[in-house]
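Here the structure is laid out as structure tokens; the discussion comes afterwards.
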Amino acid sequence: MSQSHQQPALSKCPGCEEPPVAGDLFCGACGYDLSAVPARPDDRPTMAITVPPAAPAAEAVRWPTAEETDSSDVPAPVVRPADVPGTDSGGRPLTGPDTPDAESGQGAASPSGPDSAAARVRHDDRADPGGAEASGDFALAAPDPRAPEHAAALAAAPAPGAKVCVACRSGRVDADGYCENCGHAQPRERDHMEQELDAVAAVSDRGLRHHRNEDSFAVSSTALPDGSPAVVAIVCDGVSSASRPDEASAAAASAANEALLESLPRGTHPQQAMREAIVAASEAVNALAREPAGAREHDAHRHQNAPACTLVGAIMAGGLLIVGWVGDSRVYWVPEDRTQPTARLTEDDSWAAQMVAAGLMNEAEAYADERAHAITGWLGADAYELEPHTAAFKPDRPGLVVVCTDGLWNYAESAEEMAAAVPADAQRQPLQAARALVGHALDGGGHDNVTVALLPFAVRPQGAGSACETV
């Protein structure tokens with residue numbers, strides 16, 4: 001807090017040297033004006049403080065002039081530690097590749113010698129032909145692997161193929177999903193999944209509103225008996241109102257994929273193989289409902305109805321495109337020549353589709369209704385009746401097959417809207433295109449899980465028309 005100013009106390013009067021009475025403004029003996037006492041001289045330390053002499057002008061630090069400039073025309077910093085005379089914490093002179101050693105007068109050893117354990121810190125992974133001197137990178141000593149602490153770190157490094165922490169990039173991830181090195185919780189594997197083969201790519205994302213990803217997919221390739229290739233994509237969407245929808249979609253996708261990889265090499269017609277695969281997927285989902293109560297408990301708020309999901313799949317084999325589905329996930333055809341017509345190759349098992357098929361509503365009215373996305377077909381023990389849908393097409397021109405859940409087509413519902421969302425280079429870069437389509441859904445709001453698989457269909461033009469058979 002603030003303090004008021006007080007006149008210093010006097011031991012004797014400056015005029016007559018008689019001791020004054022405390023508080024008097026004038027001396028009682030000679031009348032000297034005590035308020036006119038001169039101020040005390042400036043305080044001075046009782047011990048001398050040694051100030052080092054200033055460095056001679058010849059030894060003044062001269063910073064190197066930077067030749068490069070940044071975007072604001074300010075010289076870019078290119079100063080390195082050894083450019084400035086000084087000492088380290090142990091009192092030794094700072095030396096660098098171009099600075100003479102203080103004791104020997106010789107240049108410091110180059111870090112690029114054959115026996116050196118030196119590493120350079122780089123801003124990227126590209127080669128630096130100019131070295132540290134040209135790039136301005138610091139030349140740092142690499143860890144000595146013979147040192148105990150580094151030997152222990154190497155011993156604890158994850159084995160090849162083991163899951164590595166996304167935070168520290170070095171620790172092993174334990175069974176509970178935590179890094180053994182830094183303790184960081186790892187993201188769930190299904191929150192974002194990607195897979196690419198030679199002729200198919202798929203991406204699945206949790207979206208922006210759901211707490212988990214209840215979609216799943218499987219992509220694979222095999223060979224027909226004649227040696228020609230067959231490419232498979234299966235996409236499943238867990239029914240959120242059912243119990244364990246994430247497990248249902250994963251079980252269905254895996255079972256359908258395995259069934260196709262078994263039947264296609266045997267020579268089963270792809271359309272029949274697709275139907276059998278959907279039946280196998282249904283049986284896998286039904287099996288989840290038969291598990292003992294609590295055997296797979298992992299959700300405190302789990303529903304009591306049976307696990308359920310939808311399924312849509314596509315096969316490219318022998319010049320044919322086979323699609324199969326149960327539920328409201330879809331397949332679209334986008335020709336490489338965007339001036340050609342696009343098409344939706346599936347019909348939803350949904351309330352809206354039934355209203356349109358019965359002629360009670362047009363498509364715009366039906367899909368604007370709040371009941372539009374109520375599904376009428378699904379895989380699960382409580383499904384009314386399993387009715388797999390399959391269709392076979394023989395495209396006469398190259399194009400792209402888009403297999404997706406409603407998490408994507410809600411933001412590109414018509415065939416024209418889907419074609420507009422598909423990148424122009426999707427035929428050549430299907431994985432990047434699948435990522436872009438997932439991004440399209442996320443940019444639109446990401447209200448649902450999003451999964452899409454893309455299959456580029458290459459064919460030589462053989463004239464107009466295409467064969468189509470629907471079951």
Side-chain angles (χ1 to χ4, degrees), residues 188 190-191 193 204-207 209-218 233-260 274-313 323-331 346-354 370-390 403-410 447-453:
R188 290 173 294 189
R190 284 185 63 173
D191 282 356
M193 301 179 291
S204 181
D205 192 88
R206 184 184 69 181
R209 302 297 181 89
H210 281 234
H211 71 285
R212 65 183 174 188
N213 190 359
E214 297 171 357
D215 288 357
S216 190
F217 69 82
I234 302 293
V235 170
C236 296
D237 184 355
V239 177
S240 295
S241 59
S243 118
R244 293 146 60 191
D246 54 333
E247 296 179 27
S249 63
S254 177
N257 185 62
E258 291 176 2
L260 290 170
M274 176 63 79
R275 186 177 184 87
E276 293 174 356
I278 295 175
V279 173
S282 177
E283 293 174 351
V285 177
N286 293 348
L288 295 177
R290 296 193 293 267
E291 292 182 354
R296 300 289 293 277
E297 187 71 41
H298 70 290
D299 188 347
H301 305 288
R302 65 175 291 183
H303 303 281
Q304 296 304 313
N305 49 334
C309 70
T310 67
L311 180 148
V312 65
V323 298
W325 74 97
V326 174
D328 62 348
S329 293
R330 296 179 175 181
V331 177
T346 58
E347 293 291 339
D348 298 343
D349 287 325
S350 68
W351 179 90
Q354 284 191 346
E370 61 182 6
R371 297 166 289 182
H373 290 279
I375 58 175
T376 58
W378 63 88
L379 305 181
D382 58 356
Y384 299 117
E385 184 179 358
L386 177 62
E387 297 183 2
H389 310 291
T390 62
V403 185
C404 64
T405 62
D406 61 345
L408 172 59
W409 68 252
N410 277 334
H447 287 74
D448 200 355
N449 307 143
V450 189
T451 302
V452 59

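Here, residue 1 is the first one in the sequence, and each next residue gets the next number.
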Which heavy atom in [X] sits nearest to a heavy atom in [Y], and how many Å separate them?
| X | Y | result |
| --- | --- | --- |
| A248 | A308 | CB-O, 3.6 Å |
| N286 | A381 | OD1-N, 3.0 Å |
| G324 | I278 | C-CD1, 4.0 Å |
| V450 | G407 | CG2-O, 3.8 Å |
| R290 | E283 | NH2-O, 4.3 Å |
| A453 | A233 | CB-CB, 4.0 Å |

Are [X] and [Y] side-chain neighbours, meaning at least one heavy-atom pair lies under 4.5 Å?
| X | Y | value |
| --- | --- | --- |
| R209 | D448 | no |
| D348 | R330 | yes |
| M274 | P388 | no |
| W325 | V323 | yes |

Should the heavy atoms of other residues, nucleotides or ligands under 6.0 Å from CD of E276 be counted, would the total exceed 12?
-> yes

Drop me the distance from [X]'s [atom1] to [Y]'s [atom2], to the nearest 0.5 angstrom.
| X | Y | atom1 | atom2 | result |
| --- | --- | --- | --- | --- |
| D406 | H373 | CG | NE2 | 6.5 Å |
| I375 | D349 | CD1 | CG | 8.0 Å |
| L408 | T451 | CG | OG1 | 9.5 Å |
| N213 | D246 | CG | CG | 8.5 Å |
| D237 | T405 | CG | OG1 | 5.0 Å |
| E214 | R190 | CD | CZ | 8.5 Å |

With H447, which residues qualify under ring-ring contact (aromatic ring centres under 6.0 Å, His included), at least two apart?
-> none

Sequence neighbours left out, what passes side-chain hydrogen bond (donor to acceptor under 3.5 Å, both in side chains) with [X]? Give chain and number order.
| X | value |
| --- | --- |
| S282 | none |
| N449 | none |
| S216 | none |

Quick one: does [X]'s side chain have a donor or acceptor within less than 3.5 Å of a partner on [Y]'s backbone?
| X | Y | result |
| --- | --- | --- |
| N257 | A253 | no |
| R275 | T390 | no |
| W409 | D328 | yes |

Report the residues that fulfil side-chain contact (heavy atoms from CB on, under 4.5 Å) with A374, sequence neighbours left out, ordered by chain and then residue number.
-> W351

Hits for side-chain contact (heavy atoms from CB on, under 4.5 Å) against A256, two or more places apart or cross-chain, chain-then-number order -> I234, A277, A281, L311

